[in-house]
2 protein chains.
Amino acid sequence: MFKLPNEVIFYLIERAIKEYRQFAQKQFNKAFTDITVDQAMIFVLIANNPNLNQEEIGQIVFKEKASVTRMIELLRKNGYLKRSIHETDRRRFILLPTDKGEIALENLISIIEKNRSIALEGISEEDQMHLKTTLQSLIKNCNQ
Amino acid sequence: MFKLPNEVIFYLIERAIKEYRQFAQKQFNKAFTDITVDQAMIFVLIANNPNLNQEEIGQIVFKEKASVTRMIELLRKNGYLKRSIHETDRRRFILLPTDKGEIALENLISIIEKNRSIALEGISEEDQMHLKTTLQSLIKNCNQ
DNA sequence: GTAATTTAGTTGATATATCAACTTTATATG
DNA sequence: CATATAAAGTTGATATATCAACTAAATTAC
């Protein structure tokens with residue numbers, strides 16, 4: 001009855017995302033010394049959706065708002081993002097890429113696209129759709 | 001061109017494993033106060049393969065041997081595992097479940113089986129095979 | 001309009017993962 | 001056999017994630 005983790009679907013899912021993260025991080029490291037996969041993810045997200053608040057960002061990337069605060073602080077400290085206070089709600093911040101951030105963004109986005117297409121090489125559109133559908137069922141099952 | 005993480009396959013993979021882990025942890029917490037998903041994973045692995053060394057365990061669960069050391073130490077501290085020195089190689093340890101550990105194991109294994117079957121409910125054998133195959137291609141692609 | 005509640009974000013304590021340096025034992029090489 | 005190298009496991013420093021408690025601003029309710 002015992003199965004090596006290798007044969008277990010959940011282990012494989014875990015492994016897949018870890019391999020992809022490692023691979024993606026390696027690619028980022030070629031161009032940056034101070035950006036992690038998670039930072040890149042929220043950086044691109046914020047740049048494309050400047051209206052999101054940190055709670056919402058957290059929900060989208062499936063992390064706590066406390067973690068979001070800290071990732072944003074790192075992006076700010078490293079000069080990629082700047083914060084200003086929201087005009088009508090002074091509890092919030094407006095997050096915008098700095099000039100350095102804008103340049104980095106372009107680069108990041110092209111690296112991300114390349115990463116994704118390498119990781120999905122040889123996997124047909126149909127298989128990708130199929131994968132998504134199955135994962136969505138799985139997610140739903142875990143939330144009963 | 002920008003896609004919300006939701007539509008991106010890698011995000012979905014990440015999300016799926018996080019949801020499963022959260023779900024699994026909740027189930028563990030009903031029966032135990034001191035066992036994490038990762039600890040359960042290596043505990044079952046060790047119990048079924050007492051001959052593995054910590055480096056190998058790490059490779060199988062995709063973690064550093066340093067992390068394995070610390071997880072084993074927790075399992076030991078909480079009374080689930082006992083260590084004795086390997087007869088022929090004194091650098092190694094033999095890891096065996098304690099009596100408490102044996103009882104916990106049975107319980108854990110049945111929880112794990114239940115968790116998996118709930119998470120996979122409604123997903124056909126064929127879809128599961130398909131998922132595995134696709135993830136394996138993805139893993140291979142990340143290792144070029 | 002003031003008090004109570006909610007919301008946005010931060011911070012401290014804690015847990016766990018990793019890396020690199022280390023100890024101890026085993027093995028290989030001359 | 002002595003020494004060099006490799007292997008098993010540990011440990012300290014560091015990074016990041018989470019939880020819960022917190023501050024400050026906004027909203028609701030009286």
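By convention in this document, chain letters (A, B, ...) are assigned in the order of the sequence lines, proteins followed by strands, and residues within each chain are numbered from 1.
- Checked for salt-bridge contact, A:Glu14 and B:Arg21 meet the test: a charged N lies under 4.0 Å from a carboxylate O.
- Not a single donor-acceptor pair under 3.5 Å links the side chain of A:Asn49 to the backbone N or O of A:Asn51.
- Within 4.0 Å (heavy atoms only), A:Leu74 reaches sugar-phosphate atoms of the nucleic acid but no base atom.
- Counting heavy atoms of neighbouring residues, nucleotides and ligands inside a 6.0 Å radius, atom CG of B:Asn143 exceeds 12 of them.
- Nearest-nucleotide positions on DNA chain D place B:Asn53 closer to the 5' end than the other of B:Arg70 and B:Asn53.
- Without hydrogens or angle criteria, B:Ser67 side chain to B:Lys63 main chain gives no donor-acceptor distance under 3.5 Å.
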Go through the steps to decide whether A:Glu64 and A:Val68 satisfy the test side chain to side chain contact (heavy atoms under 4.5 Å, CB included), and finish with yes or no.
CA-CA 6 Å; A:Glu64 288 299 311; A:Val68 174; over 6 Å; no
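- Residue order along DNA chain C, read from the 5' end via each residue's closest nucleotide, puts A:Ala66 first among B:Ala66 and A:Ala66.
- First and last contacting nucleotides of DNA chain C toward chain A (any atom under 4.0 angstrom from a heavy atom, 5' to 3' order): C:dT7 to C:dA13.
- Atom CD of A:Glu106 is surrounded by 12 or fewer heavy atoms from other residues, nucleotides or ligands within 6.0 Å.
- Where B:Leu52 and A:Ser67 meet DNA chain D, the nucleotide closest to each residue was compared, and B:Leu52 sits on the side nearer the 5' end.
- A salt bridge does not link B:Glu73 with B:Lys77: none of the charged nitrogens is closer than 4.0 Å to a carboxylate oxygen.
- Non-hydrogen atoms lying under 4.0 Å from DNA chain C are contributed by B:Thr88, B:Asp89, B:Arg90, B:Arg91, all within residues 86-93 of chain B.
- Classified by interplanar angle (parallel below 30°, tilted 30° to 60°, perpendicular above 60°), the ring pair B:Phe32/B:Tyr80 is perpendicular.
- Residue B:Thr69 places at least one side-chain N or O closer than 4.0 Å to OP1 or OP2 of D:dT10.
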